[in-house]
Amino acid sequence: MEVKFLDSKSSSLSEKAALVARTKSSPFSSFEHSVGVKFSQEFSSCRGVFTKASYLSSNGTFMPKRAISSVDKEKTAAENYFYQISSNGAGSSLFSRNVGVLDACDDEYGGVVVDPDRLPVNPDAFAPMLQFSLSHWKMKGKKGIWLKLPLERSELVPVAVKEGFEYHHAERGYVMLTYWIPGGPCMLPSNATHQVGVGGFVINDKNEVLVVQEKFYAPSFADVWKIPTGFILESEEIYTGAVREVKEETGVDTEFVEVIAFRHAHNLDFDKSDLFFVCMLKPLSAQIKVDDIEIQAAKWMPLVEFVAQPLIQEDGLFKKIIDICIARLGKHYCGLLPRQVVSKFDDRPSCLYYNVLDTGNVNCNGN
């Protein structure tokens, strides 16, 4: 079976009318929705033959049809074609079909970002449009293609994968797929590689540390009291995340003082790397209200008792963290404070964490 795309200039109006009329009685008329640059697998299997696709210009030479508009933020209009279907020379029929380039915009790296809000409503129209779009973008010299498919359009995922798209990442509401057009290794940035956690070291004027016991833990940690910890949220700063986590788990209001230290570990959950920031916080309230979803118990514990726990004494990481926190209390150590800065690379404000020491005093002069 062979499919040919006939340019509207290559046939007269009377011929078009006759071709369309014959299409209505063609055995392929019920499959108009599934024909494009390539047939879907269902269409191919219904006749037991492999289909091919080509586009013929008015002079009979092969060439890709020019899209009406570029892939920048202009709207893309559909291209009109006549499809000629033949099976081993046994006969042919023609019918018309609209195929257009998917709505998309250029990214700043020579690639294309498909508009997820303007995907075709009819799933059967997606395959031919995607195939035609890829041909168009290749002709335009584009590089990486970003295709974000919302959860409600999940039926389009296997269609894109069949065309060569690969999984990039997924969130609750969508899956992101990518396609690398040039030869050689893919140069698109990979998915996020890290998760970021925070721990709040809160100590009051009585030299008591705010500690918790979690509801879900390994049996060996059954009696361990630890500082409140958690993951920061998207678009959340480290210092605000630490304050929020302490409030959520214990009900205690705090004020950020400094980032005391951070740990970098690898191959943890989902094979991601992990950044864990220990923040010193100043308590603004004392009453504890436990989060009964995650936390079994919370209390103010004397620092000496907290440090004397076997796990703290035996674990090199926690022991070092406590040693640093105690050194900070004695002003023998300075942590990092966030300062707002703006970079010319993206003109966006961000926090740069660093400390400034008074050269006339070896001790930390912070809070």
Side-chain angles (χ1 to χ4, degrees), residues 169 171-173 191-205 208-216 225-265 268-270 272-295 298-301 306 317-318 321-322 324-329 331 333-343 345-357 364-367:
H169 69 274
E171 296 290 347
R172 289 182 182 273
N191 184 26
T193 59
H194 286 66
Q195 59 187 16
V196 181
V198 289
F201 184 83
V202 186
I203 188 164
N204 62 19
D205 295 335
E208 296 173 327
V209 181
L210 182 62
V211 293
V212 298
Q213 283 186 334
E214 296 183 343
K215 277 192 173 182
F216 309 101
W225 291 92
K226 56 183 284 293
I227 62 175
T229 60
F231 292 108
I232 66 171
L233 306 177
E234 292 184 10
S235 302
E236 183 177 43
E237 288 292 342
I238 294 169
Y239 65 91
T240 56
V243 170
R244 175 188 53 77
E245 281 291 342
V246 170
K247 176 67 173 180
E248 288 179 355
E249 293 190 358
T250 68
V252 174
D253 295 308
T254 60
E255 178 184 15
F256 173 81
V257 178
E258 289 175 351
V259 170
I260 298 300
F262 68 90
R263 179 211 63 183
H264 194 195
L268 299 183
D269 296 340
F270 310 109
K272 299 295 184 183
S273 295
D274 180 271
L275 285 167
F276 178 69
F277 292 84
V278 181
C279 301
M280 178 166 284
L281 307 175
K282 178 181 179 180
L284 301 179
S285 64
Q287 185 176 359
I288 292 176
K289 184 179 179 180
V290 172
D291 172 20
D292 56 6
I293 297 177
E294 296 183 75
I295 303 302
K299 68 178 182 179
W300 292 99
M301 178 183 250
F306 176 66
L317 174 65
F318 283 102
I321 288 174
I322 299 304
I324 294 173
C325 290
I326 293 175
R328 174 61 185 84
L329 292 173
K331 296 187 177 182
Y333 176 89
C334 272
L336 307 177
L337 285 171
R339 270 103 171 168
Q340 288 284 334
V341 294
V342 177
S343 171
F345 285 102
D346 55 14
D347 291 324
R348 295 181 180 181
S350 60
C351 281
L352 181 65
Y353 288 77
Y354 63 96
N355 61 27
V356 178
L357 290 176
C364 179
N365 294 320
N367 296 328

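Here the structure is a predicted model, which means the values were calculated and not measured. Computed from heavy atoms alone, side chains included, the values below leave out hydrogens, waters and symmetry copies.
- Looking only at side-chain heavy atoms (C-beta outward), L281 and V243 come within less than 4.5 Å of each other.
- Contact annotation: the side chain of T193 never approaches that of S273 to less than 4.5 Å [non-hydrogen atoms, C-beta and beyond].
- A 6.0 Å sphere centred on NZ of K289 holds no more than 12 heavy atoms belonging to other residues, nucleotides or ligands.
- For the pair K226/V212, a side-chain contact is recorded, criterion being any heavy-atom separation below 4.5 Å from C-beta on.
- Remark: D274 engages R263 in a salt bridge, criterion side-chain N to carboxylate O under 4.0 Å.
- At least one side-chain heavy atom of K247 sits less than 4.5 Å from a side-chain heavy atom of D253.
- Considering only heavy atoms from C-beta on, F262 stays 4.5 Å or farther from I238 through its side chain.
- Checking side-chain atoms of T240 against main-chain N and O of E236 turns up no donor-acceptor pair under 3.5 Å.
- For the pair V196 and F231, the minimum side-chain heavy-atom distance is 4.5 Å or more.
- By the 4.5 Å heavy-atom criterion applied to side chains, V257 and C279 are not counted as neighbours.
- Heavy atoms from other residues, nucleotides or ligands lying under 6.0 Å from NZ of K215 number more than 12.
- Below 30°, between 30° and 60°, or above 60°: for Y353 and F256 the angle between ring planes is above 60°, a perpendicular geometry.
- At least one donor-acceptor pair under 3.5 Å links the side chain of Y333 to the backbone N or O of I260.
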**OP:** Tell me, with the steps shown, if F201 and I322 meet side chain to side chain contact (heavy atoms under 4.5 Å, CB included).
**Re:** CA-CA 9 Å; F201 184 83; I322 299 304; 4.1 Å; yes
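- D291 places no side-chain N or O within 3.5 Å of a backbone atom of I295 that could act as its donor or acceptor partner.
- Residues T254 and L284 fail the side-chain proximity criterion, which asks for heavy atoms closer than 4.5 Å.
- Using a distance-only test at 3.5 Å, with no hydrogens or angles considered, no donor-acceptor pair links the side chain of K299 to the main chain of W225.
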